[in-house]
Amino acid sequence: MSSENQQNQTVEAENKEQTSQSEVAAVGAAAADAPVAVGGKKAKKERAALTPEQKKKRIHNWLVVPCMILAAAFIRSICVRVFMTSPALNFAPGGVTGIGAMIEYKTGFSTGYTNIIINTPLVIIAFIFLSKSYAIKSACSVGLSSGGMILMQYLNFPQYGYSGGAIEPNAEPVLGAIACGVLCGVGVAIMIRAGASNGGTDIIAALIQRKYQAAGITWFIMGLDALVVLASYFVYDNGLTPVFMSFTQQFSNAMVGDVILTGLKSAIKYEIITDEPEALSAELIAKLHHSVTKIDAMGMYAHSEKALLVCVIHKRQVTEFNNILKKYNNTFAYVTSTSEVFGKFI
């Protein structure tokens with residue numbers, strides 16, 4: 001009897017629990033239905049009220065950025081597998097990739113694995129102390145590029161100047177280093193535009209920049225890269241050749257990346273001190289088709305009133321600009337290069 005009573009009590013408890021759950025579910029459904037019935041149209045309007053700029057940003061973040069990261073990672077994998085670790089070249093650029101290339105040369109351990117091992121703690125630190133978005137994008141970049149390196153090594157992906165288990169006699173190491181630098185420059189530029197990095201020294205530099213804003217980060221990165229490049233002299237068996245190839249690759253990388261990031265929007269800014277602002281401005285506007293900004297100034301030597309003209313032009317217009325300035329006496333000008341121009345600039 002005691003067992004039957006326990007069973008009955010258990011059944012009654014389960015029935016009560018089901019009843020209470022049903023009541024809670026009903027109340028929850030009613031609460032969920034209420035705002036839909038009352039504010040459903042409003043919610044739909046709010047969802048549909050995205051501005052064109054917001055829609056563009058969403059598309060950029062969820063479609064364009066992932067494609068950019070994927071493309072940059074693929075390019076980086078090509079650079080490492082096809083060029084850096086090719087027996088016809090065998091050189092180590094700076095950073096984590098250079099360390100991985102030297103380890104692969106000595107042990108056969110893929111650069112991709114080294115890249116993951118070294119960058120994993122750096123990405124975690126970046127996630128904690130820097131931007132989460134930056135860390136996630138960088139992690140995706142490191143993972144995709146490292147995976148590509150490992151897969152290409154496993155599939156025996158073709159390498160520059162090396163086929164059939166032998167180095168081709170017509171392989172040109174310098175051309176290979178230049179080609180590698182050009183491709184790496186394209187990949188780095190794409191990655192920067194996507195708001196991420198390839199990990200390694202880039203993350204270390206960002207951490208130092210956050211802590212010490214006045215620190216010379218560029219020199220710090222160059223110093224780390226130089227140590228890796230110099231170490232390659234003792235790793236590879238062909239003397240200074242890997243060192244010179246590394247410098248060639250890094251120079252090509254920097255030049256191409258700079259052109260892609262700033263070259264298309266770079267310009268020249270003239271600041272001119274003159275006694276004839278109206279005539280000079282009119283001629284500049286008419287011939288160069290760029291406006292001029294006038295600022296009232298005072299020459300402190302003679303305490304005479306002057307005009308300071310500011311004009312931004314294309315690099316190809318420098319010669320024509322200088323020819324115009326030569327016509328005006330008592331005119332002093334100095335030139336600065338701008339890395340990027342925003343707004344209306346034709």
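A distance-only check finds no donor-acceptor pair linking the side chain of Tyr270 to the backbone of Ile313 [under 3.5 Å]. Not one N or O on the side chain of Ser252 forms a donor-acceptor pair closer than 3.5 Å with the backbone of Gly181. In terms of modelled atom types and a separation under 3.5 Å, the side chain of Thr331 and the main chain of Asn329 share a donor-acceptor contact. One N or O on the side chain of Asp225 and one on the backbone of Gly95 form a donor-acceptor pair closer than 3.5 Å. Side-chain N or O atoms of Gln159 include none that pairs as donor or acceptor with a backbone N or O of Pro87 at under 3.5 Å. Checking side-chain atoms of Gln317 against main-chain N and O of His314 turns up a donor-acceptor pair under 3.5 Å. With Lys137 contributing its side chain and Ala194 its backbone, the two residues share a donor-acceptor pair below 3.5 Å. Judged by distance alone, the side chain of Ser232 and the main-chain N or O of Val229 form a donor-acceptor pair under 3.5 Å. With Ser77 contributing its side chain and Ser145 its backbone, the two residues share a donor-acceptor pair below 3.5 Å. The closest donor-acceptor contact from the side chain of Asn253 to the backbone of Gly185 lies under 3.5 Å.
In this structure the side chain of Val80 reaches within 4.5 angstrom of the side chain of Thr85, judged on heavy atoms. In this structure the side chain of Leu151 never reaches within 4.5 angstrom of the side chain of Phe157, judged on heavy atoms. Proximity of Thr241 to Met245: side-chain heavy atoms (C-beta onward) are separated by under 4.5 Å at one or more points. Looking at Asp296 and Glu305, their side chains never come closer than 4.5 Å, going by heavy atoms from C-beta outward. Considering only heavy atoms from C-beta on, Ile75 comes within 4.5 Å of Ile190 through its side chain. Two residues are said to be in side-chain contact when any heavy atoms from C-beta on lie closer than 4.5 Å; Lys287 and Ile324 meet this criterion. Side chains of Leu308 and Lys294 form no contact here, defined as non-hydrogen atoms less than 4.5 Å apart. With contacts defined as side-chain heavy-atom distances shorter than 4.5 Å, the pair Phe332/Ile272 does not qualify.
Residue Ile203 holds its CD1 atom at 9.0 Å from CD1 of Ile125, rounded to the nearest 0.5 Å. Distance OG/Ser304 to CG/Asp275: 7.0 Å, rounded to 0.5 Å. Distance check: Thr114 OG1 to Ile150 CD1 gives 9.0 Å after rounding to the nearest 0.5 Å. The distance from the CD1 atom of Ile117 to the CD1 atom of Ile103 is 8.0 Å, given to the nearest 0.5 Å. Rounding to the nearest 0.5 Å gives a distance of 6.0 Å between CD1 of Ile69 and CE of Met191. Between Asn330 atom CG and Thr274 atom OG1 the span is 8.0 Å, to the nearest 0.5 Å.
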Review point. When you look at Lys269 and Val310, which way does the side-chain contact (heavy atoms from CB on, under 4.5 Å) test go after all the steps?
Key: CA-CA 7 Å; Lys269 182 179 77 170; Val310 181; 4.2 Å; yes
Exercise for review: Could you check Met68 against Arg193 for side-chain contact (heavy atoms from CB on, under 4.5 Å), going step by step and ending with a plain yes or no?
Suggested key: CA-CA 8 Å; Met68 293 172 69; Arg193 288 293 186 187; 3.4 Å; yes
Check your understanding: Step by step, would you call Glu168 with Tyr160 a side-chain contact (heavy atoms from CB on, under 4.5 Å)?
Key -> CA-CA 9 Å; Glu168 298 175 359; Tyr160 175 82; over 6 Å; no
Check your understanding: Run the side-chain contact (heavy atoms from CB on, under 4.5 Å) check on Thr248 and Ile178 step by step: do they pass?
Key -> CA-CA 6 Å; Thr248 302; Ile178 294 174; 3.6 Å; yes
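When all heavy atoms are compared, the tightest approach of Tyr105 to Val235 is CE2-O, 3.6 Å. Of all non-hydrogen atoms in Asn156 and Arg81, the two that sit nearest each other are CA-NH2, 3.9 Å. Of all the heavy atoms in Cys79 and Cys184, the pair that sits closest is SG-SG, 3.2 Å. Nearest heavy atoms, Cys311 versus Phe321: SG-CE1, 3.9 Å. In terms of heavy atoms, Phe91 sits closest to Cys180 at CZ-SG, 4.0 Å. Nearest approach of Ser141 to Ala73, heavy atoms of both residues: O-CB, 4.0 Å.
Side-chain polar atoms of Tyr162 and Asn90 form no donor-acceptor pair below 3.5 angstrom. Between the side chains of Glu104 and Tyr113, no donor-acceptor pair is found at a separation under 3.5 Å.
If you chain together hydrophobic residues whose side chains sit under 4.5 Å apart, Leu309 and Ile285 fall into the same group. No chain of hydrophobic side-chain contacts below 4.5 Å, direct or via other Ile, Leu, Val, Met, Phe, Trp or Tyr residues, connects Val96 to Leu227. Residue Phe247 is not grouped with residue Leu175 when hydrophobic side chains (ILVMFWY) are merged at heavy-atom distances under 4.5 angstrom, including chains of intermediate members. Note on Val188: it does not cluster hydrophobically with Met255, by side-chain heavy-atom contacts below 4.5 Å among ILVMFWY residues. In the hydrophobic clustering of this structure, Met149 does not group with Leu155; members are Ile, Leu, Val, Met, Phe, Trp, Tyr whose side-chain heavy atoms approach within less than 4.5 Å, directly or through other members.
Phe251 CZ: 12 or fewer foreign heavy atoms inside a 6.0 Å radius. Around atom CZ of Phe244, no more than 12 heavy atoms belonging to other residues, nucleotides or ligands sit under 6.0 Å away.
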